[in-house]
Amino acid sequence: MDLFALRNKIIGFLYRNLAKKIFFAIDPETIHDQTLLLGSFLGNNPLTRALTSLFFNYQNPTLRQKILGIDFKNPVGLAAGFDKNGIITRIIPNVGFGFMEIGSITAEPYAGNDTTKLTRLIKSRSLVVNYGLKNKGAEEISKRLKRENFKIPAGISIAKTNSPKTADVRAGIADYAKGCEKFIDIGNYFTINISCPNSFGGEPFTDSAKLDKLLA
Ligand SMILES: Cc1cc2nc3c(=O)[nH]c(=O)nc-3n(C[C@H](O)[C@H](O)[C@H](O)COP(=O)(O)O)c2cc1C
């Protein structure tokens with residue numbers, strides 16, 4: 001067994017038998033927020049970044065791919081929804097991810113749905129997600145991320161602001177455009193999130209004619 005395999009076995013064992021037990025004893029939204037704070041702290045210091053790499057990172061030239069002009073160091077990325085406000089972009093490369101998707105971000109900020117935002121379904125090993133696109137909004141997030149020099153490709157996931165004001169198709173398209181404009185010079189690609197089920201007005205742009213209008 002090589003050193004990386006041994007390291008990963010130990011980390012996996014510690015995760016299953018220690019970290020996961022602690023995480024699951026805590027409310028899921030609280031532990032999500034705490035993990036983000038820890039990630040932000042670890043990312044702000046070269047020493048903690050190097051230590052994180054020692055525990056989690058892995059590089060191998062055979063994993064590299066160039067797609068649409070973007071260099072990916074490996075094909076495993078962090079999906080949208082974990083780092084909604086882009087506060088852990090400095091540590092994610094050291095955790096071993098090949099790319100990261102920030103958001104989903106909306107043109108206007110949203111504090112999140114009033115009901116419980118995350119519920120664990122332990123038996124089916126899943127989560128019920130009801131954040132409703134909680135995020136600090138395109139203006140604030142883009143201002144902060146403009147100063148960042150991303151070490152791996154970053155996708156910006158833009159969604160429609162969760163509000164009755166964006167329910168109309170025209171207003172919805174204007175809202176997406178407003179969100180995207182703020183990130184023109186930030187990151188490597190956009191993802192357009194058209195399928196947030198727990199937001200106002202449902203998913204109008206999953207209809208192909210409306211999606212064509214949005215993309216145009
Ligand atoms: C807590 C949570 C929040 C999420 N928020 C978003 C989001 O804001 N935008 C989005 O496009 N997907 C969101 N997703 C979906 C994830 O990006 C991903 O597609 C999904 O979790 C499936 O990937 P997985 O099997 O690796 O978890 C969220 C998922 C979870 C669990």
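The first residue of the sequence shown is numbered 1, and numbering continues consecutively from there. Numbering of ligands and ligand atoms starts at 1, following listing order.
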Is there a protein heavy atom at a distance of less than 4.0 Å from [atom]?
| atom | value |
| --- | --- |
| atom 6 (C) of ligand 1 | yes |
| atom 1 (C) of ligand 1 | yes |
| atom 21 (O) of ligand 1 | no |
| atom 14 (N) of ligand 1 | yes |
| atom 9 (N) of ligand 1 | yes |
| atom 25 (O) of ligand 1 | no |

Test the Lys160-Phe205 pair against the cation-pi criterion, namely NZ or CZ under 6.0 angstrom from the six-membered ring centroid and within 45° of the ring axis. no

Considering heavy atoms of the protein only, find what lies nearest to [atom] and give residue, atom and distance to 0.1 Å.
| atom | value |
| --- | --- |
| atom 23 (O) of ligand 1 | Ala79 CB, 4.9 Å |
| atom 4 (C) of ligand 1 | Gly81 CA, 3.4 Å |
| atom 30 (C) of ligand 1 | Val129 CG2, 3.7 Å |

For [X], the ligand 1 atoms whose distance to one of its heavy atoms is below 4.0 Å:
| X | value |
| --- | --- |
| Lys84 | 3 (C), 5 (N), 8 (O) |
| Asn193 | 9 (N), 10 (C), 11 (O) |
| Leu118 | 1 (C) |

Do [X] and [Y] have side-chain N/O donor and acceptor atoms under 3.5 Å apart?
| X | Y | answer |
| --- | --- | --- |
| Thr106 | Asn135 | yes |
| Asn60 | Thr62 | yes |
| Thr161 | Ser163 | no |
| Glu101 | Tyr189 | yes |
| Ser104 | Ser157 | yes |

Are any of the N/O atoms in [X] less than 3.5 Å from those in ligand 1?
| X | answer |
| --- | --- |
| Ser104 | yes |
| Ala80 | yes |
| Tyr131 | no |

Separation between NZ (Lys210) and CG (Asp212), nearest 0.5 Å, reads 12.5 Å

- prompt: Which pairs count as ring pair (Phe, Tyr, Trp, His ring centres under 6.0 Å) when at least one residue sits in residues 89-118, sequence neighbours excluded?
  reply: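 Output for this query lists Phe72-Phe99.
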
On a heavy-atom basis, the closest approach of Leu121 and Val128 is CD1-CG2, 3.6 Å

Who passes salt bridge (charged side-chain N to carboxylate O under 4.0 Å, His left out) against Lys182, sequence neighbours left out?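 Listed in chain order: Glu139.
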
